[in-house]
*Asks:* 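Dumping the structure here so I can ask a few things about it.
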Amino acid sequence: MNSQHRIAAHAKRRWQASPTAWIETLAANSDQCQEHATAVMVMVRTAFEVLKSGQGEPKDFDRLAGAINVGLIRAESIDPLAEQTMQAGIDAMQHCDNIWQRHGRYGFSGPDLTAIADALELYEGILRMSKPRQMEEALNESARRMLQQAQGVAA
């Protein structure tokens, strides 16, 4: 096989479509699977309960903060009031992190408990009404913003 044949063979493989692309497209643009949404909410609400009790670990904090961050991204395209609700949840998570830094345990103040509860209720509604592709795009945007913020802090 000479170089010209290798180049031609490589070019063919480069543009070859995935045989399951149509399934992936349909799944990403279909309605949210309610069982999946319920499973996600059980994990997120469990993380909140553990953090409230003071027994939470960093993984619980990350799970709850990640959900609220993704909810903020989706809320930005939905309604300014929804965005404010999610931003209040993010502020409450920052206060929770401050408590952990001071005392070595996670916890919330009274107003922060209310803010997180409201943000979680809104997040659940957003999750259940959004397409999987919308949630995936919000997750990617959230990760991009966190990376950008970390690079800004490090710079």
Side-chain angles (χ1 to χ4, degrees), residues 14 17-155:
R14 191 170 134 209
S18 168
T20 60
W22 66 276
I23 296 171
E24 295 164 9
T25 301
L26 285 176
N29 292 304
S30 64
D31 290 335
Q32 185 69 255
C33 173
Q34 294 306 310
E35 291 81 18
H36 174 72
T38 300
V40 169
M41 288 311 301
V42 165
M43 289 189 302
V44 172
R45 288 192 186 277
T46 301
F48 179 46
E49 292 300 321
V50 171
L51 289 172
K52 278 195 318 189
S53 72
Q55 302 299 314
E57 299 177 7
K59 67 177 180 149
D60 300 312
F61 179 86
D62 292 342
R63 179 171 287 142
L64 183 56
I68 294 174
N69 285 338
V70 170
L72 174 66
I73 303 299
R74 288 288 298 130
E76 288 173 354
S77 63
I78 294 172
D79 183 53
L81 185 57
E83 186 178 350
Q84 289 176 358
T85 301
M86 296 309 278
Q87 187 59 52
I90 288 173
D91 294 342
M93 290 303 295
Q94 289 172 340
H95 296 153
C96 178
D97 189 44
N98 291 340
I99 290 170
W100 180 76
Q101 289 176 8
R102 284 193 308 266
H103 303 289
R105 295 178 76 166
Y106 290 105
F108 296 99
S109 67
D112 290 342
L113 285 171
T114 304
I116 295 291
D118 291 345
L120 281 180
E121 186 176 330
L122 178 59
Y123 176 76
E124 183 171 8
I126 290 171
L127 175 64
R128 291 189 185 280
M129 300 301 291
S130 296
K131 306 282 186 205
R133 179 172 303 254
Q134 292 172 315
M135 294 305 288
E136 183 179 348
E137 289 170 356
L139 176 65
N140 292 338
E141 175 63 15
S142 174
R144 187 194 66 76
R145 288 183 187 183
M146 288 190 324
L147 182 62
Q148 185 178 25
Q149 184 180 23
Q151 289 173 344
V153 171

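Since the model is a prediction, treat every value here as computed from it, not as a measurement.
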*Asks:* Specify the closest pair of heavy atoms between Ile99 and Gly107, including all atoms of both residues, with the distance to one decimal.
*Replies:*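 Smallest interatomic distance, heavy atoms only, reads CD1-O, 3.3 Å.
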*Asks:* Only pairs under 3.5 Å count here: list side-chain donor-acceptor contacts from residues 36-47, not counting sequence neighbours, and write none if there are none.
*Replies:*
from: Thr38; atom 1: OG1; to: Gln34; atom 2: O; distance (Å): 2.9
from: Thr38; atom 1: OG1; to: Arg128; atom 2: NH1; distance (Å): 3.4
from: Thr38; atom 1: OG1; to: Arg128; atom 2: NH2; distance (Å): 3.1
from: Arg45; atom 1: NH2; to: Glu124; atom 2: OE1; distance (Å): 2.9
from: Thr46; atom 1: OG1; to: Val42; atom 2: O; distance (Å): 2.6

*Asks:* side-chain hydrogen bond (donor to acceptor under 3.5 Å, both in side chains) with Asp97: which residues, sequence neighbours excluded?
*Replies:*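 Listed in chain order: Gln101.
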*Asks:* How about Trp100 and Phe61: do any of their side-chain heavy atoms sit closer than 4.5 Å?
*Replies:*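 Answer no - side chains too far apart.
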*Asks:* For residues 51-60, which residue pairs qualify under side-chain hydrogen bond (donor to acceptor under 3.5 Å, both in side chains), counting only residues two or more places apart or in two chains?
*Replies:*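 For residues 51-60, and leaving out neighbouring residues, the side-chain hydrogen bond (donor to acceptor under 3.5 Å, both in side chains) pairs sorted by first residue read Glu49-Lys52.
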*Asks:* Looking only at heavy atoms, what is the nearest atom pair of Tyr106 and Gly56, with distance?
*Replies:*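 Here Tyr106 and Gly56 meet closest at CD1-O, 3.6 Å.
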*Asks:* Considering only distance and modelled atom types, tabulate donor-acceptor pairs under 3.5 Å from the side chains of residues 67-78, sequence neighbours left out.
*Replies:*
from: Asn69; atom 1: ND2; to: Ala65; atom 2: O; distance (Å): 3.3
from: Arg74; atom 1: NE; to: Ser130; atom 2: OG; distance (Å): 3.1
from: Arg74; atom 1: NH1; to: Ser77; atom 2: OG; distance (Å): 3.4
from: Arg74; atom 1: NH2; to: Ser130; atom 2: OG; distance (Å): 3.1
from: Glu76; atom 1: OE1; to: Arg145; atom 2: NH1; distance (Å): 3.4
from: Glu76; atom 1: OE1; to: Arg145; atom 2: NH2; distance (Å): 2.9
from: Glu76; atom 1: OE2; to: Arg145; atom 2: NH1; distance (Å): 2.9
from: Ser77; atom 1: OG; to: Arg74; atom 2: O; distance (Å): 2.9

*Asks:* Decide yes or no for Phe48 and Phe108: does some side-chain heavy atom of the first lie under 4.5 Å from some side-chain heavy atom of the second?
*Replies:*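 In short, these two side chains touch, coming nearer than 4.5 Å.
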*Asks:* I need the Leu64 CG to Tyr123 OH distance, nearest 0.5 Å.
*Replies:*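 It is 10.0 Å, given to the nearest 0.5 Å.
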*Asks:* How long is the straight-line distance from CD1 of Ile126 back to CE of Met86, given to the nearest 0.5 Å?
*Replies:*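 Rounded to the nearest 0.5 Å, the CE-CD1 separation comes out at 5.5 Å.
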*Asks:* Strictly by side-chain hydrogen bond (donor to acceptor under 3.5 Å, both in side chains), give each pair with a member in residues 79-89 just once, sequence neighbours left out.
*Replies:*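 Qualifying pairs: Gln87-Asp91.
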*Asks:* Listing request: all ring pair (Phe, Tyr, Trp, His ring centres under 6.0 Å) pairs with a residue in residues 63-99, at least two apart in sequence or in separate chains.
*Replies:*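 Output for this query is empty, none listed.
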*Asks:* Please round to the nearest 0.5 Å and tell me the distance separating atom CZ of Arg144 and atom CG of Leu147.
*Replies:*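 Output value for this atom pair is 9.0 Å.
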*Asks:* Looking at CG of Leu127 and CG of Leu122, how far apart are the two atoms once the value is rounded to the nearest 0.5 Å?
*Replies:*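 Those atoms lie 11.0 Å apart.
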*Asks:* Please name the pair of heavy atoms, one in Ala119 and one in Gly89, separated by the smallest distance, quoted to 0.1 Å.
*Replies:*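 What the structure gives for the nearest pair is CB-CA, 4.1 Å.
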